[in-house]
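These notes concern the structure reproduced below.
Predicted model only: the values in this text are computed from it and were never measured.
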Amino acid sequence: TATISSIVGDFIGNSATTTGNTSFGGAIYNYATSSGSEATISSIVGDFIGNSATGSSYSYGGAISNYAYYSGSTATISSIVGDFIGNSATGSSYSYGGAIYNSAYYSVTATISSIVGDFIGNSATTSSASSSRYAQGGAISNYANSGTATIGVTNANFLNNYAQSSSATTVQGGAIYTNANMTLKADGSVAKNGGVSTISGNYISSNSGSTKNYEAIYVDSASATFTFNAINGGQFLINDKINGVAGYDLVFTGDNANTFDVNNIITNADMTVTNADFNWNMSGNNVMDTSALNSLTVNANADLGLTIDFNATGKQADKITTTNTSTGTITLESLNLTGDFTTWTTGDKVQIINNTDTANSTLQLALSSAVVTQLGGGTVHKVFEITDTTTGTDAITATTAWNDNFYSWHRDDTIEHYGVIGLATTSTTNDSIGYSEDHTAFIQGSRVNDSQLDALKLVNNDTTNPTKDFTANADGVTYNVGA
């Protein structure tokens, strides 16, 4: 057993570098060295700035590596209070955790119970061109082989961290990579950041940053649960994508005195929202995005409000797709509405919730008063009007004067369409926005003469009666058509 009770101080510009295979922990390496052993650090208070772990093949934890490997061993850090800024893990083939690597192999336990601090500009990078190599967790990598690896983080900002390679390497989790249970907490009773946790600007890149995919979190196990817990007025602001393998559990929870603002897509999760005021904004880029979830459960004690892009002309919108049983109600709070409804007809609709398990899913939409207003008030109203142009030529009569005014003409008529735009059903109840037409109104336009024509020539070409008599009548200007 090795124990350090307390560490107080900043760690700046330290490095663990090897020309051999592997480097661990640029500033601190807490390692349980044998079967049944315990490596414990009770408390760390200090900032970690510009530390690095560099290995010719592997690098683990640019600032801290907390690692249990041998059977029955434990590696524990009870508390960390401090910020992690500009730390890096760099390996030619594998890089894990630009700031922190927490790992449990075999029947072991690796735990970092509490971190209160920000993670800013940390990175995990590799230069390998092989897709079987990895850069994971620009700020944190939490990895369990067959052991238990646990991290708890409170009131942390994750800003501008990244996992990156120069070519085809697998990159996951610009801020956090985990294949084990992990919890982020926003606690209004804790002074750090005023109880607000912001996750923004974190990305992954497989071409040295030339193209950035703003993914903050990657959960790499269907048996793992990633939890966002907001209490005592705590708030989460999440601007980056949350991703993972199909079927991981993603939980947004708290005490209802909280706010979750999510401004990106979420994919592959079994997602549950409970005891939460949850605002989900998928709009703003006019690109029709899809949050492809394994399932979504919105409990009755939660309020999930959704804002989406809605292109009326193209009949497209951001969408939530679920493949397994999903329940609850999503309130459509606002539309970023572009285009118009001039091409719509009765029965046209845009699906916003796609429950592919149609037999068991009851997840459905509700409309806020603001959206009802955007869509015309929920009553029969003039949704759109179209112009119908009628063209023609003055009719030839039995007698026609050669100097008559004879015209080709057009008339622009207006057809007004009255109906209701509101909730509709495509696959499951109230999963869409649709149009139901009530009636139309026809308003005839005024005739407009386009060009004057040669009346005599038209009479001569008239085929209504092939026999023609062009002898002038006594007035000298009127011709009889036909015998």
Side-chain angles (χ1 to χ4, degrees), residues 181 183 215-230 236 238 240-254 256 258-283 288-310 315-335 349-368 371 422-434:
N181 296 342
T183 299
E215 170 191 290
I217 297 168
Y218 192 89
V219 183
D220 201 12
S221 172
S223 61
T225 299
F226 198 102
T227 301
F228 291 90
N229 184 20
F236 279 99
I238 304 170
D240 304 326
K241 179 180 177 180
I242 300 172
N243 194 13
V245 299
Y248 70 95
D249 289 320
L250 180 64
V251 178
F252 295 90
T253 188
N256 273 328
N258 56 39
T259 303
F260 296 87
D261 291 315
V262 178
N263 299 312
N264 211 310
I265 63 173
I266 298 169
T267 57
N268 294 332
D270 283 317
M271 178 174 159
T272 301
V273 181
T274 183
N275 293 320
D277 182 5
F278 191 97
N279 305 307
W280 193 356
N281 181 7
M282 291 171 60
S283 76
M288 303 308 147
D289 296 314
T290 298
S291 281
L293 301 173
N294 202 45
S295 67
L296 174 57
T297 301
V298 183
N299 289 328
N301 54 14
D303 179 12
L304 196 162
L306 181 67
T307 299
I308 60 172
D309 289 320
F310 192 102
K315 301 175 187 176
Q316 296 175 309
D318 294 326
K319 182 182 293 186
I320 297 172
T321 294
T322 66
T323 55
N324 292 306
T325 302
S326 298
T327 60
T329 299
I330 297 174
T331 300
L332 200 55
E333 292 288 352
S334 180
L335 300 178
K349 62 191 75 171
V350 175
Q351 190 173 26
I352 295 168
I353 297 175
N354 180 19
N355 296 311
T356 58
D357 183 3
T358 57
N360 300 300
S361 291
T362 58
L363 183 69
Q364 60 183 291
L365 290 171
L367 303 182
S368 70
V371 169
L423 292 174
T425 296
T426 299
S427 300
T428 54
T429 302
N430 293 340
D431 61 0
S432 305
I433 297 295

Measuring from [X]:[atom1] to [Y]:[atom2], what's the distance to the nearest 0.5 Å?
X    : Y    : atom1 : atom2 : value
N294 : T321 : CG    : OG1   : 12.0 Å
I238 : N264 : CD1   : CG    : 10.0 Å
N355 : Q364 : CG    : CD    : 9.5 Å
F278 : M271 : CZ    : CE    : 3.5 Å
N354 : L363 : CG    : CG    : 11.0 Å
Q351 : K319 : CD    : NZ    : 5.0 Å

Are side-chain heavy atoms of [X] and [Y] found at a separation under 4.5 Å?
X    : Y    : result
F252 : I266 : yes
L250 : F228 : yes
I320 : I330 : yes
I217 : E215 : no
S223 : Y248 : no
I265 : M282 : yes
N268 : N243 : yes
I352 : L332 : yes

At their closest point, which heavy atom of [X] faces which heavy atom of [Y], and how far apart are they?
X    : Y    : answer
I433 : L367 : CD1-CD2, 3.7 Å
A246 : A222 : O-CB, 3.6 Å
A276 : N256 : N-OD1, 3.1 Å
L423 : A366 : CD1-CA, 4.5 Å
D357 : T325 : OD2-OG1, 2.9 Å
N279 : D261 : ND2-OD1, 2.9 Å

Task: Donor-acceptor pair between T253 and N229 side chains, under 3.5 angstrom - done: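 No, no side-chain donor-acceptor pair sits under 3.5 Å.
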- [ ] Would you check if there is a donor-acceptor pair between the side chains of T272 and T274 at a distance under 3.5 Å?
- [x]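 No.
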Hey, is the main chain of [Y] close enough, under 3.5 Å, to the side chain of [X] for a donor-acceptor pair?
X    : Y    : value
N181 : T225 : yes
D318 : D309 : yes
T425 : N430 : yes
N324 : S295 : no
S361 : S326 : yes

Open item on the list: I'd like to know whether T362 forms a side chain to side chain contact (heavy atoms under 4.5 Å, CB included) with T428, so could you lay out the CA-CA distance, the side-chain angles of the two residues, the decisive distance to 0.1 Å, and finally the verdict.
Closed with: CA-CA 7 Å; T362 58; T428 54; over 6 Å; no
TODO: Could you walk me through whether W280 and S291 pass the side chain to side chain contact (heavy atoms under 4.5 Å, CB included) test, one step at a time?
DONE: CA-CA 11 Å; W280 193 356; S291 281; 3.2 Å; yes
Open item on the list: Walk me through whether N301 and N275 qualify under side-chain hydrogen bond (donor to acceptor under 3.5 Å, both in side chains).
Closed with: CA-CA 5 Å; N301 54 14; N275 293 320; 2.8 Å; yes
Task: Parallel, tilted or perpendicular: rings of F260 and F236 (30°, 60°) - done: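 F236 vs F260 ring planes: parallel.
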Open item on the list: Would T426 and S432 count as a side-chain hydrogen bond (donor to acceptor under 3.5 Å, both in side chains) here? Give the steps.
Closed with: CA-CA 6 Å; T426 299; S432 305; 2.6 Å; yes
Task: Contacts of type salt bridge (charged side-chain N to carboxylate O under 4.0 Å, His left out), residue K349, not counting sequence neighbours - done: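 In terms of salt bridge (charged side-chain N to carboxylate O under 4.0 Å, His left out), with neighbours along the sequence ignored, K349 is linked to no residue.
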